[in-house]
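Down below is the structure, laid out as C-alpha cells.
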Amino acid sequence: MQQFSRKENFLIANTLNCVPFLLQGHSVLIDLRNECSVAGVIDNADGHMNIHLTNAVFINRLGQQVPFDQFMVRERMIRQLHIPPDVNMAEDIRNWCEKGCLKRPLRTNSGAKGGKRTFKQKRAQERHKEILQELEKKRAEES
C-alpha cells in the first residue's frame with residue numbers, strides 16, 4: 001500500500017482527490033487546461049491529485065495523437081476527469097468510506113478496540129455522504 005503524508009491523507013479523506021485514487025487500474029480520459037487530452041490507465045495517484053498513467057495517448061488541440069508508455073499529469077493541469085461508464089463511483093466512494101477512508105485504525109481514548117471516530121473522520125465521512133446524495137439526485141433526475 002502506498003504511504004501518504006499527513007497533508008495528502010487529509011486531502012484524500014476530505015475532498016474529491018480520492019477519485020483518481022479509487023480509479024487506479026482503470027482506463028480514463030483526462031481533459032487538460034490547455035485544451036489537450038490524455039487517455040490511459042491510472043497506475044498511481046497521490047493525495048495532491050497528481051496522476052501517473054501507463055499506456056497513455058496524448059491528444060493535442062489539433063487532434064494529433066502521440067503514444068507514451070508513461071505519462072504524468074500534474075494536479076494543476078487537470079480540468080476534467082472522465083469516469084468510465086462501467087464504474088459506479090458513488091458506490092465505490094460509499095464502500096471506501098465504510099471501510100474507514102484511509103484504512104487506518106480508529107483512535108481510542110481508552111485503548112479498547114473499535115473506539116470512537118475523531119472529529120475529522122466524522123466530518124470527512126459526512127461530506128462524502130452529502131456528495132453521494134447529490135450524485136444520486138442528479139442520476140435520478142436524468143433517468
Side-chain angles (χ1 to χ4, degrees), residues 1-108 112-143:
M1 180 162 160
Q2 189 174 353
Q3 296 294 321
F4 295 113
S5 68
R6 291 177 65 119
K7 185 174 183 178
E8 288 176 318
N9 284 337
F10 176 81
L11 291 171
I12 290 172
N14 292 291
T15 65
L16 286 176
N17 285 5
C18 65
V19 172
F21 177 73
L22 294 172
L23 284 175
Q24 288 181 3
H26 292 279
S27 182
V28 296
L29 175 67
I30 301 173
D31 291 337
L32 305 176
R33 290 177 61 192
N34 61 359
E35 303 299 326
C36 297
S37 298
V38 180
V41 178
I42 295 181
D43 181 45
N44 194 1
D46 65 12
H48 296 289
M49 212 166 174
N50 295 315
I51 301 173
H52 297 268
L53 299 168
T54 56
N55 301 326
V57 176
F58 178 79
I59 306 164
N60 66 12
R61 294 177 185 150
L62 303 174
Q64 299 168 337
Q65 299 181 3
V66 181
F68 287 93
D69 291 333
Q70 295 182 356
F71 196 89
M72 181 190 171
V73 181
R74 295 190 50 131
E75 81 275 7
R76 62 182 290 192
M77 290 303 296
I78 297 173
R79 175 175 289 167
Q80 186 174 4
L81 180 71
H82 296 271
I83 298 172
D86 61 324
V87 175
N88 185 352
M89 204 69 230
E91 188 66 29
D92 289 348
I93 292 173
R94 184 177 295 110
N95 292 338
W96 181 65
C97 285
E98 288 174 1
K99 281 192 235 175
C101 294
L102 298 173
K103 299 178 186 167
R104 63 180 176 232
L106 298 175
R107 293 184 190 172
T108 61
K113 288 188 175 184
K116 295 182 180 180
R117 294 180 296 170
T118 63
F119 175 74
K120 285 185 178 180
Q121 290 170 331
K122 289 179 188 177
R123 184 178 61 199
Q125 288 178 346
E126 288 172 5
R127 286 184 182 168
H128 283 296
K129 287 179 183 177
E130 289 172 4
I131 291 169
L132 290 172
Q133 289 173 353
E134 290 176 17
L135 288 173
E136 289 174 357
K137 286 180 185 177
K138 288 183 182 178
R139 184 171 285 168
E141 291 173 359
E142 291 175 359
S143 298

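All figures in this text were calculated on a predicted structure; none of them were measured in a lab.
- Counting heavy-atom neighbours within 6.0 Å of Gln80 CD, excluding the residue itself, gives a total above 12.
- Two residues are said to be in side-chain contact when any heavy atoms from C-beta on lie closer than 4.5 Å; Val66 and Asn60 fail this criterion.
- Within the 3.5 Å criterion, the main-chain N or O of Gly40 finds no donor-acceptor partner in the side chain of Asn55.
- Remark: Glu91 CD to Glu136 CD distance equals 8.5 Å, nearest 0.5 Å.
- Using a cutoff of 4.0 Å between basic side-chain nitrogens and carboxylate oxygens, Lys137 and Glu134 are not scored as salt-bridged.
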Original post:
How far apart are the C-alpha atoms of Ile93 and Ile131, what are their side-chain angles, what is the distance that settles it, and do they pass the side chain to side chain contact (heavy atoms under 4.5 Å, CB included) test?
Top reply: CA-CA 10 Å; Ile93 292 173; Ile131 291 169; 5.6 Å; no

Subject >> side chain to side chain contact (heavy atoms under 4.5 Å, CB included) evaluation trace for Leu23 with Met89 >> reply: CA-CA 9 Å; Leu23 284 175; Met89 204 69 230; 4.0 Å; yes

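- When the ring-ring contact (aromatic ring centres under 6.0 Å, His included) test is applied to Phe71, the partners found at least two apart in sequence or on another chain are Phe58, Phe68.
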Original post:
Going through the checks in order, is the side chain to side chain contact (heavy atoms under 4.5 Å, CB included) test met by Arg74 and His48?
Top reply: CA-CA 9 Å; Arg74 295 190 50 131; His48 296 289; over 6 Å; no

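- Note that the CD atom of Glu126 and the CZ atom of Arg123 stand 9.5 Å from one another [nearest 0.5 Å].
- When the salt bridge (Lys or Arg N to Asp or Glu O under 4.0 Å) test is applied to Arg79, the partners found at least two apart in sequence or on another chain are Glu35.
- Taking every heavy atom of both residues into account, Gln24 and Ala45 meet most closely at NE2-N, 3.3 Å.
- Asn88 contributes atom CG, which lies 8.0 Å from atom CZ of Arg94 (distance to the nearest 0.5 angstrom).
- We find the CZ-OG distance between Arg61 and Ser37 to be 11.0 Å, quoted to the nearest 0.5 Å.
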Subject >> side chain to side chain contact (heavy atoms under 4.5 Å, CB included) between Ile42 and Leu53, worked out >> reply: CA-CA 5 Å; Ile42 295 181; Leu53 299 168; 3.8 Å; yes

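- Remark: side-chain polar atoms of Asn17 are paired, donor with acceptor, to backbone N or O of Gly47 under 3.5 angstrom.
- Heavy atoms from other residues, nucleotides or ligands lying under 6.0 Å from CG of Asn34 number more than 12.
- The shortest distance between side-chain heavy atoms of Val28 and Ile51 does not fall below 4.5 Å.
- Between the CZ atom of Arg127 and the NZ atom of Lys129 there is a distance of 14.5 Å, given to the nearest 0.5 Å.
- Rounded to the nearest 0.5 angstrom, Asn44 CG and Met72 CE are separated by 9.5 Å.
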